[in-house]
Amino acid sequence: MGVGSPSRCADDGGVVSVARGTCGRRPPERWSTSVVKQERALRTRNALLTAAGEVFSREGYRAASLTVISGNVGVSSGALHFHFPTKLDLAAAVEEAAAARLRSIVEHCERHEGPGGSVQLVIDASYQVVERLAQDPVLRAGFELGETMERAGGTGKVCDLWQRWVVSLLRHAQEAGGLRPDVVPDHLASVVVAMTAGLAALGRRDAHWPSRATLTSFWLLMLPQVTAAETPPTCVVHGHDSAAEEL
């Protein structure tokens, strides 16, 4: 084989390669470097969302500082703006993440629905939401940011999602005879949503508010006023433990 002519040889992986004059190693696979960068960027983005949730839920949208948020993550302001060009973009991303977490909660409760029908399902979900509010700053911020996002042309999607889901279940409960005839499901749903959002707001100052004890007191007071008298008292006011499993 002449000098400078193509030669064929097998690399360490047994793959035949063609080179001029010598058999060199293949260059490193660039896709692996790209994957590492993507994973790092995703971790940074998620960390920024968590930090933003903490600051938004504690300070509110207007007083929240992007410098504080980026500093809490240990990245530059430029890195924050790479992921979220404006403060409103960051708030919208927090709200979207909070909505996804709320959907996960209600879908989990639906999969673990126990006796008691739609009213019990609302009770169980309310416990899961309130418990997550005490632990998850992104979910808390999602409820907090609703009014801000609506003013900015958004939907206030966290409260809207929670409202629509609760309304749907309570309408079904009324059709099944589980609510008193004079109870308007939409009005009752508004009370449940206001209670949830109120506990989220109060939890910024006192972690006792978004708790099982507070919610049990609410349902002990509310349930006898709205359920049909002839309906057997099958609802568990402190929620079914099965709804919390694996969440």
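What you see is a predicted model, and the numbers here were worked out from it, not measured in a lab.
- Screening residues 163-196 for ring pair (Phe, Tyr, Trp, His ring centres under 6.0 Å), with sequence neighbours left out, gives Trp162-Trp165.
- Two different hydrophobic clusters hold Val167 and Met222 under the rule that ILVMFWY side chains link at heavy-atom gaps under 4.5 Å.
- A side-chain donor from one of Gln120 and Asp124 sits under 3.5 Å from a side-chain acceptor of the other.
- Partners of Thr216 by side-chain hydrogen bond (donor to acceptor under 3.5 Å, both in side chains), not counting sequence neighbours, listed by chain and number: Tyr127.
- For Asn46, there are no side-chain hydrogen bond (donor to acceptor under 3.5 Å, both in side chains) partners, not counting sequence neighbours.
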- [ ] Kindly indicate, with the supporting measurements, whether the criterion side-chain contact (heavy atoms from CB on, under 4.5 Å) is fulfilled by Glu95 and Phe56.
- [x] CA-CA 11 Å; Glu95 187 186 43; Phe56 284 142; over 6 Å; no

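- Atom CG in Asp182 sits 10.5 Å away from atom CD in Gln225 (nearest 0.5 Å).
- Taking each heavy atom of Leu199 and Pro210 in turn, the nearest pair found is O-CD, 4.0 Å.
- Judged purely by atom type and a 3.5 angstrom limit, Lys87 has no side-chain atom pairing as donor or acceptor with the backbone of Ser65.
- Taking each heavy atom of Ala228 and Gly177 in turn, the nearest pair found is CB-O, 3.4 Å.
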TODO: For side-chain contact (heavy atoms from CB on, under 4.5 Å), just list the numbers for Leu215 and Ser126, CA-CA rounded to whole Å, side-chain angles, deciding distance to a tenth of an Å, and then say yes or no.
DONE: CA-CA 8 Å; Leu215 199 53; Ser126 71; 3.5 Å; yes

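- Listed by chain and residue number, Leu179, Pro185 satisfy the side chain to side chain contact (heavy atoms under 4.5 Å, CB included) test with Gln174 (two or more places apart in sequence, or in another chain).
- Residues Val158 and Leu102 share a closest heavy-atom pair of O-CD2, 3.4 Å.
- The shortest side-chain heavy-atom distance between Thr50 and Pro137 falls under the 4.5 Å cut-off.
- The shortest non-hydrogen separation linking Gln128 to Ile105 is CB-CG2, 3.5 Å.
- The side chain to side chain contact (heavy atoms under 4.5 Å, CB included) check on Arg164 picks up Asp160, Leu161, with sequence neighbours excluded.
- When all heavy atoms of Leu145 and Ala91 are compared, the pair lying nearest together is CD1-O, 3.7 Å.
- Residues satisfying the side-chain hydrogen bond (donor to acceptor under 3.5 Å, both in side chains) test with Ser211, not counting sequence neighbours, are Thr214.
- In this structure, the side chains of Phe84 and Val94 stay at 4.5 Å or more apart for every pair of heavy atoms.
- Residues passing the salt bridge (Lys or Arg N to Asp or Glu O under 4.0 Å) test with Glu96, sequence neighbours excluded: Arg103, Lys157.
- Arg212 has its side chain out of reach of Val130: every pair of non-hydrogen atoms, C-beta onward, lies at least 4.5 Å apart.
- Residues that satisfy the salt bridge (Lys or Arg N to Asp or Glu O under 4.0 Å) test with Arg43, not counting sequence neighbours, are absent from this structure.
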Open item on the list: I'd like to know whether Trp219 forms a side-chain contact (heavy atoms from CB on, under 4.5 Å) with Val119, so could you lay out the CA-CA distance, the side-chain angles of the two residues, the decisive distance to 0.1 Å, and finally the verdict.
Closed with: CA-CA 11 Å; Trp219 285 117; Val119 173; 5.6 Å; no

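- Distance check: Glu144 CD to Cys159 SG gives 9.5 Å after rounding to the nearest 0.5 Å.
- Partners of Ser77 under the side chain to side chain contact (heavy atoms under 4.5 Å, CB included) rule, at least two apart in sequence or in another chain, are Thr67, Ser70, His81.
- Applying the side-chain hydrogen bond (donor to acceptor under 3.5 Å, both in side chains) test to Asp186 and every residue at least two apart in sequence or in another chain returns Arg171.
- Residues Ile123 and Leu223 have side chains in contact (heavy-atom distance under 4.5 Å, counting atoms from C-beta outward).
- Sorted by first then second residue, the salt bridge (Lys or Arg N to Asp or Glu O under 4.0 Å) pairs that include residues 107-119, not counting sequence neighbours, number zero.
- Counting heavy atoms from C-beta on, the side chains of Tyr61 and Val55 never come closer than 4.5 Å.
- Linking Ile, Leu, Val, Met, Phe, Trp and Tyr residues whenever their side-chain heavy atoms come within less than 4.5 Å places Val166 and Val191 in a single cluster.
- Closest of all the heavy-atom pairs between Leu139 and Val129 is CD2-O, 4.1 Å.
- Contacts of Ala51 classified as side chain to side chain contact (heavy atoms under 4.5 Å, CB included), with partners at least two apart in sequence or in another chain: Ile69, Asn72, Val73.
- Hydrophobic clustering (ILVMFWY, side-chain heavy atoms < 4.5 Å, transitive): Leu202 and Met195 are in one cluster.
- Residues Val184 and Leu169 are members of separate hydrophobic clusters, defined by side-chain heavy-atom contacts under 4.5 angstrom among Ile, Leu, Val, Met, Phe, Trp and Tyr.
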- [ ] Apply side-chain contact (heavy atoms from CB on, under 4.5 Å) to the pair Arg180 and Thr227, showing each step before the final yes or no.
- [x] CA-CA 5 Å; Arg180 291 175 45 166; Thr227 52; 5.9 Å; no

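- To the nearest 0.5 Å, the span separating CG on Leu80 from CZ on Arg45 amounts to 11.0 Å.
- With hydrogens and angles disregarded, a donor-acceptor distance shorter than 3.5 Å links the side chain of Thr196 to the backbone of Val192.
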